[in-house]
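One structure below.
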Amino acid sequence: MQKKHLQRKSETEWWIEPTGPMRVPGIIYGSEDLIEAMDDKVREQVSNVAALPGIQKASYAMPDAHWGYGFPIGGVAAFDPDQGGVISAGGVGFDISCGVRTLHTGLVRDDIERVKETLADALYAHIPAGVGSRGAIRLNPEQMDAMLQGGAAWAVAQGWGLPEDLQAIEERGRMAGADAGCVSPQAKKRQKDEMGTLGSGNHYLEVQEVTDLYDSEIATAFGLQVGDIVLSVHCGSRGLGHQIGTEFLKSMALAARSHGITLPDRELACAPIHSELGQQYLGAMRAAMNCAMANRQIITHLVRQIFAEVLPLAELDLLYDVSHNTCKMEEHDIDGVRKNVFVHRKGATRSFGPGHADIPQAFRSLGQPVLIGGTLGTASYILCGTQQTMGLAFGSAVHGAGRQMSRRQATKQWQGRAVIDELAARGILIRSPSQRGVAEEAPGAYKDVSQVVEAAHVAGLARKVARLEPVICVKG
DNA sequence: ATGTGC
């Protein structure tokens, strides 16, 4: 990105002054290196979002931001419904409520070393991965609606998980205001046999080792020690979320004019929050959030069954579950006034600071865990929201490494088999149905996650707590 | 991200 278009306000904060139709400034967080490497498209998209009706404070991009559909991935924007504020399907993303959850295992590296291959094979055999993968669960129409209304709480009630899991999930595992009636028959049809599946792309299930701690007090509260084995799952709402996104993008684009909205970019299709279409999308999107949380919950249950067979001494307690493609109504301080605003986080993790009621009691006084998934073969990080975060981008932080190369470009540069062999030589086991998928996800196709996390830490978006390294990765 | 592409 060309820095001449930006005003540097601090080490990691870069402003786009409002010009033309922009109602608020754009603010991009990142180190100088990350900003220089960022696509100019991000600046364009941040500026376009700043022109949408009812936007509050600023249009933000996180240090891992890259070009996306309409909004950048790594974009954060909040809208006031009473000032004509809008909701945008492209501002949430196609994979609604895609997210990460991390479980303790109660094991250390030595416990798994001898059964590593067996464990990798068992996880791969029982947790379907890849495009169009189907699970063992079939939902009839009544069960589908119950899932869409109940989220992870529904899954637990069906026997997939433990009641205490729900305390460690944003929204306690059930997004209020979901309306299964707003979800099309086609979206439901696509989802009916996809529960408990990972999907493809950057989704994965990973067994990881804690290699470094940066804040011992918070790490202790999160239950993390160097040498611990944890397990993380990264996936979302599969075909259902994708179908909802596709349908509402279309109807929002068609209805924009009737709502009196001029779009700076057709891809920014949106509807007023106080419109029928806006409310329908909210109902459907919240249902998709429940689908994603239920999906991660079912996968958790499958993981526990596999560990019970392979490593019966393991105890898989849920540390936390975050969703990084969402729009949520939240109360924030806007120029000294507490207001309810609709915060879009697209490829951005909520990063609430100490004291927030939605944070589990065990670490409410410290802040919420912010789970940052790495890319294939690279480290993941656990961070913590801070008080400062709340004033920066509505309590938001990065979500991962962020792509720096297109999928097509990546497949030209790497071969899946070679990537798998290279990682195996470093003791990292990969299981995937798609060699091409692995090539597309080659580590070099992404920004350096450590740089991204460091920038988030320095910017005050979240505080570094722990670093994790992959041991086994089941890849979609 | 995605029954990967109108």
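Naming convention: chains lettered A, B, ... in sequence-line order (proteins, then strands); numbering from 1 in each chain.
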Within the 4.0 Å heavy-atom criterion, would you say A:R134 contacts the bases, only the backbone, or no part of the nucleic acid? nothing
Can you check the A:I73 CD1 to B:dT2 C1' distance for me, whole Å? 13 Å
With a 4.0 Å cut-off, would you call A:R172 and A:D358 a salt bridge? yes
Is it true that A:S396 and A:R345 share a donor-acceptor pair across their side chains at a distance under 3.5 Å? yes
Considering heavy-atom distances to DNA chain B, does A:S434 or A:E441 have its closest nucleotide positioned more toward the 5' end? A:E441
How many whole angstroms separate atom OH of A:Y69 from atom P of B:dT4? 18 Å
Does the gap between the ring centers of A:F342 and A:F79 come in under 6.0 Å? no
Mind calculating the distance between CZ (A:R436) and P (B:dG5) to the nearest angstrom? 11 Å
Take A:S237 and A:R296, measure what side chain to side chain donor-acceptor pair (under 3.5 Å) needs, and give me the verdict at the end. CA-CA 9 Å; A:S237 52; A:R296 291 193 289 272; over 6 Å; no
Using a cut-off of strictly less than 4.0 Å between a heavy atom of the residue and any atom of DNA chain B, enumerate the qualifying residues of residues 237-248 of chain A by number. A:R238, A:G239, A:H242
Spacing between A:F94 atom CZ and B:dT4 atom C1', to the nearest angstrom: 12 Å
Side chains of A:R43 and A:Q2 only: does a donor on one sit below 3.5 Å from an acceptor on the other? no
Using a heavy-atom cut-off of 4.0 Å across all strands, would you classify A:G236 as base, sugar-phosphate, or nothing? nothing
Heavy-atom nearest nucleotide on DNA chain B taken for A:E440 and for A:G201; more 5' hit belongs to A:G201
Would you say A:Y281's side chain and A:C270's backbone share a donor-acceptor pair under 3.5 angstrom? no
Identify whether any heavy atom of A:Q186 sits under 4.0 Å from a base atom; if not, whether one sits that close to sugar-phosphate; answer base, sugar-phosphate or nothing. base
